[in-house]
Amino acid sequence: QIMKKKVLKFGGTSVGSIDRIKHAAKIIKKESDLGNKIIVVVSAMSGKTNELISLSKLVSTNFSKRELDVLLSTGEQVSCALIAGALNEIGINTKSFMNWQIPILTEGENNNARIINMSVNKINDYLASGGIAVVPGYQGISSSGEITTIGRGGSDATAVAIAKIFDTDSCEIYTDVDGIYSTDPNKIPVAKKIEKISYEEMLELSSLGAKVMQSSAVQTAMIYDIPLQVRSTFTDRPGTKIFNKENLDYSKAVTGVAYSKDDAKITLQSVEDKPGVAAEIFEPFGKHHINIDMVIQNVSSDGKTTDITFTTKREDLNKSLEILKKNTNIKFKNLSYKDNVSKISIVGAGMVTTPGVTYKMFRALAEEKINILAISTSEIKISVIIDERSTVKAVKKLHNIFKLD
Ligand code: ADP
Ligand code: ASP
Ligand code: MG
C-alpha cells in the first residue's frame with residue numbers, strides 16, 4: 001500500500017456523542033495505521049451550532065454578526081479538542097490547530113465568508129513528523145484578524161479547500177448516511193444509493209435541498225476537479241463517489257429528486273404591461289442582496305395588464321414585500337404571497353438526451369392532483385413550486401415514475 005495524503009471530514013452526527021467521537025477516532029487510527037498522512041476536519045457536535053444560535057437570540061434579536069461568529073466557531077473547537085484527545089488516548093500522535101493558528105484565511109462578510117487561502121507549512125511539517133492534524137471546519141480568520149464562519153454546512157467546504165490547498169490524494173466525507181441517495185433516505189425509505197455521481201448533478205441536488213453535501217463545497221470540488229467520497233461513519237459499506245462526469249454512463253434520465261422548504265412565492269397582479277417594468281420591479285432586490293429564483297409572467301384576467309409571480313428565499317419574504325410596497329416606480333392592483341410552499345426538483349445529466357421528461361413530471365404531479373405554482377428548468381434539472389403539504393407525496397411519485405425506487 002502506497003502512503004497517501006488524505007482529508008477525512010466528520011460531520012455533526014459523526015461526532016455527536018463521546019461514543020461516536022471514540023468511534024471516529026478508531027476510523028482515523030485505521031487509516032493512519034495503513035501509513036496515510038491525515039488531516040481531519042470536524043464539525044460541531046450535532047445540534048451544537050443551532051443551540052449556539054438560539055443562545056444568541058435570547059441575548060438579542062439583533063445579535064452582532066461579529067460576535068455570532070466568535071460564538072459559532074466554538075462548536076468546532078470543542079470537537080477538535082475531543083477528537084484529538086480521543087486519538088491521544090489510543091496512542092496516536094495528534095494535535096488540533098485552530099483557524100487562527102494555521103491560519104485559514106477568509107474573505108467576505110461575517111457569517112457568510114469564504115476560504116481563500118491557508119498556510120500549509122505548519123501542518124505539512126507536523127504531518128511529516130508523523131502526526132495527525134485536526135482542523136475545525138466552518139471557519140477562518142479574515143485579513144484583519146476577525147474570526148469568521150463560512151455558512152451553514154460549511155465544514156464540507158473546509159474539507160474541500162484543504163484537499164485543494166494541501167493537494168491531498170483524497171477527500172472523504174464521513175456522515176450519517178452511507179452515500180448520496182436518489183432522494184433523502186431518512187424521509188423516503190425507498191431511496192436508492194447512487195454509486196457514482198457527477199459534480200454537476202451533485203451541485204444541482206445540493207443547491208436544491210439535499211443537505212448531505214454543502215453546495216459551495218461541491219462547486220469548489222467541481223472547479224478544481226477534486227473527487228469526493230461520501231461514506232458512513234457507522235458502516236463499512238462503500239459510499240458514493242462524486243467526480244468528473246466524463247467517466248459516467250447515463251442510462252437514466254433522472255438521477256435524483258431533491259426538495260426544499262425554504263422558498264416563498266410572491267404574486268403582483270395587474271402590473272402595467274410596458275417595456276422596463278420587470279427591470280423596475282427587480283432592480284431594488286439586487287441592491288438589497290435578495291436573490292430571485294423563478295419568475296413567471298402571464299396576461300392578467302383583464303387582458304391588458306400582466307401578472308408577475310416570482311419566488312425568493314422564505315427568510316427574505318418580509319423584506320421583499322416591503323421593497324415592493326415602497327417601490328414607487330411600479331403600478332399594480334394587488335400583492336399576494338404564499339410562504340407554505342416547497343420546491344421539488346428532478347436532476348439528471350441524462351435529461352439532455354431524453355425527450356419528454358418535463359411532460360412526464362407534470363403529468364405525474366397532475367395524477368396526484370398536485371397543483372404547480374411555478375416552474376424553472378435548466379439543462380439538467382426541472383424544479384416546481386407546490387403546496388408544502390404535498391411535498392412527500394410529490395417526491396414519492398416522481399421517485400417512482402422515474403424508476404428510482
Ligand atoms: P453531516 O452532519 O455529516 O454534515 P448532514 O446532516 O449535513 O450531515 O447531511 C446528512 C443528511 O443529509 C442525511 O442524514 C440525510 O437525511 C440528508 N440528505 C438529504 N438528501 C439526501 C440524499 N439525496 N442522499 C443522502 N442524504 C441526504
Ligand atoms: N457546524 C456547522 C453547521 O452546523 C458546520 C457544519 O456542520 O458543516 O452548519
Ligand atoms: Mg453537513
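Predicted model, so just to flag it, every value in this text is computed and none were measured. Both counts, for ligands and for their atoms, begin at 1 and track the order of listing.
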_Under the rule for side chain to side chain contact (heavy atoms under 4.5 Å, CB included), what residues qualify as partners of Ser336, not counting sequence neighbours?_
Thr267
_Is it true that Gln269 and Asp307 share a donor-acceptor pair across their side chains at a distance under 3.5 Å?_
no
*Quick one: salt bridge (charged side-chain N to carboxylate O under 4.0 Å, His left out) pairs with a partner in residues 157-166, sequence neighbours left out?*
none
*Are Glu201 and Thr255 close enough that a side-chain donor and a side-chain acceptor fall under 3.5 Å?*
yes
*Can you tell me which residues line ligand 1 if we count any heavy atom under 4.0 angstrom from one of its atoms, in chain and number order?*
Lys9, Gly11, Gly12, Thr13, Thr175, Asp176, Val177, Gly179, Ile180, Tyr181, Thr183, Asp184, Pro185, Asn186, Ala210, Lys211, Val212
*Does the side chain of Thr148 come under 3.5 Å of the side chain of Asn110 through a donor N or O and an acceptor N or O?*
no
*Hey, does the Lys NZ or Arg CZ of Lys95 hover above the aromatic six-ring of Tyr126, less than 6.0 Å from the centre and inside 45° of the axis?*
yes
*Proximal protein residues to ligand 2, non-hydrogen atoms under 4.0 angstrom*: Ser43, Ala44, Thr49, Glu76, Tyr138, Arg152, Gly153, Gly154, Ser155
*Short side-chain donor-acceptor distance under 3.5 Å, Tyr199 and Asp225*: yes
*Hey, is NZ on Lys397 packed in by over 12 heavy atoms from elsewhere, all under 6.0 Å?*
yes
*Verify whether one side chain among Lys57 and Asn62 offers a donor that lies under 3.5 Å from an acceptor in the other.*
no
